[in-house]
Structures are given as structure tokens and as C-alpha cells.
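Structure first, then comments.
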Amino acid sequence: MATYVVAIRREARLETVTAEERVRQVPGVHIKGAGNPSRVVIEASSQAVSEIERRFGDKVIVEPEIRHGRLGE
């Protein structure tokens, strides 16, 4: 499974449903980091990500998490 960041689209931020509440509805999604109602870090299969995009694509953006390390480490 890969790690992704799911963020609420700007147009949908006035709704009361959080990013975490949306992705919890999809089987195969594991929450790695929450706390910000507009964004959540998840681990999920590509099938689960496709399902998130199918269900909530007009409300959220799903992008792979990119971790930066210092060069030479």
C-alpha cells in the first residue's frame, strides 16, 4: 500500500464533513495522520484510491505523499 494525502477541495470546505469522515467510508483505507479537518494522510491500495476519487472526486483531491530527505542522508 502507498501513502496518500487527501485534502478537501476549496469549494467544499464549507461542508461539515471532514476529509477523515469521507475516506473512512471506503474499505481498504488506513488512517495514518489526522487532526486537520481539511486534510488526512492515509495508506491505501490503488483500488481504494480509485474508489475515493469515484465517490468524492468533486469534494476531495488525492495525491501521493512525497517525503523529502536531505541530500546525502
Side-chain angles (χ1 to χ4, degrees):
M1 282 198 279
T3 305
Y4 299 89
V5 176
V6 180
I8 299 288
R9 290 182 180 274
R10 185 169 294 164
E11 312 84 62
R13 288 195 183 155
L14 295 177
E15 295 182 15
T16 59
V17 181
T18 67
E20 182 178 357
E21 289 169 333
R22 289 188 196 281
V23 299
R24 281 195 185 277
Q25 298 177 35
V26 178
V29 172
H30 302 283
I31 306 297
K32 285 190 65 178
N36 180 337
S38 296
R39 187 176 58 218
V40 65
V41 178
I42 63 169
E43 280 187 342
S45 65
S46 58
Q47 293 86 1
V49 170
S50 293
E51 183 62 15
I52 291 169
E53 291 173 334
R54 185 187 72 74
R55 290 187 192 187
F56 310 113
D58 61 332
K59 306 290 183 196
V60 301
I61 299 168
V62 182
E63 295 184 347
E65 180 185 48
I66 300 171
R67 294 183 182 176
H68 296 280
R70 295 179 125 177
L71 294 175
E73 287 184 359

Atom of [X], atom of [Y] and distance for their closest heavy-atom approach:
X     : Y     : value
Ala48 : Gly28 : CB-O, 4.1 Å
Thr3  : Glu43 : OG1-CG, 3.8 Å
Arg55 : Pro27 : NH2-CD, 4.1 Å

Under a single-linkage rule joining Ile, Leu, Val, Met, Phe, Trp and Tyr whose side-chain heavy atoms are separated by less than 4.5 Å, which residues share a cluster with Val49?
-> Tyr4, Val6, Ile8, Val23, Val26, Val29, Ile31, Val40, Ile42, Ile52, Phe56, Val60, Val62

Under the 4.5 Å side-chain heavy-atom rule for ILVMFWY, direct or indirect, which residues accompany Val41?
-> Val5

Separation of Glu21 CD from Glu15 CD (nearest 0.5 Å) | 11.5 Å

To the nearest 0.5 Å, atom CZ of Arg10 lies from atom CD1 of Ile61 at 9.0 Å

If you measure only the distance, is there a donor-acceptor pair under 3.5 Å linking the side chains of Thr18 and Glu20?
-> no

In terms of side-chain geometry, is the basic nitrogen of Arg54 or Glu51 positioned less than 4.0 Å from the acidic oxygen of its partner?
-> yes

Output all residues satisfying side-chain contact (heavy atoms from CB on, under 4.5 Å) with Ser46, sequence neighbours left out; order by chain, then residue number.
-> none

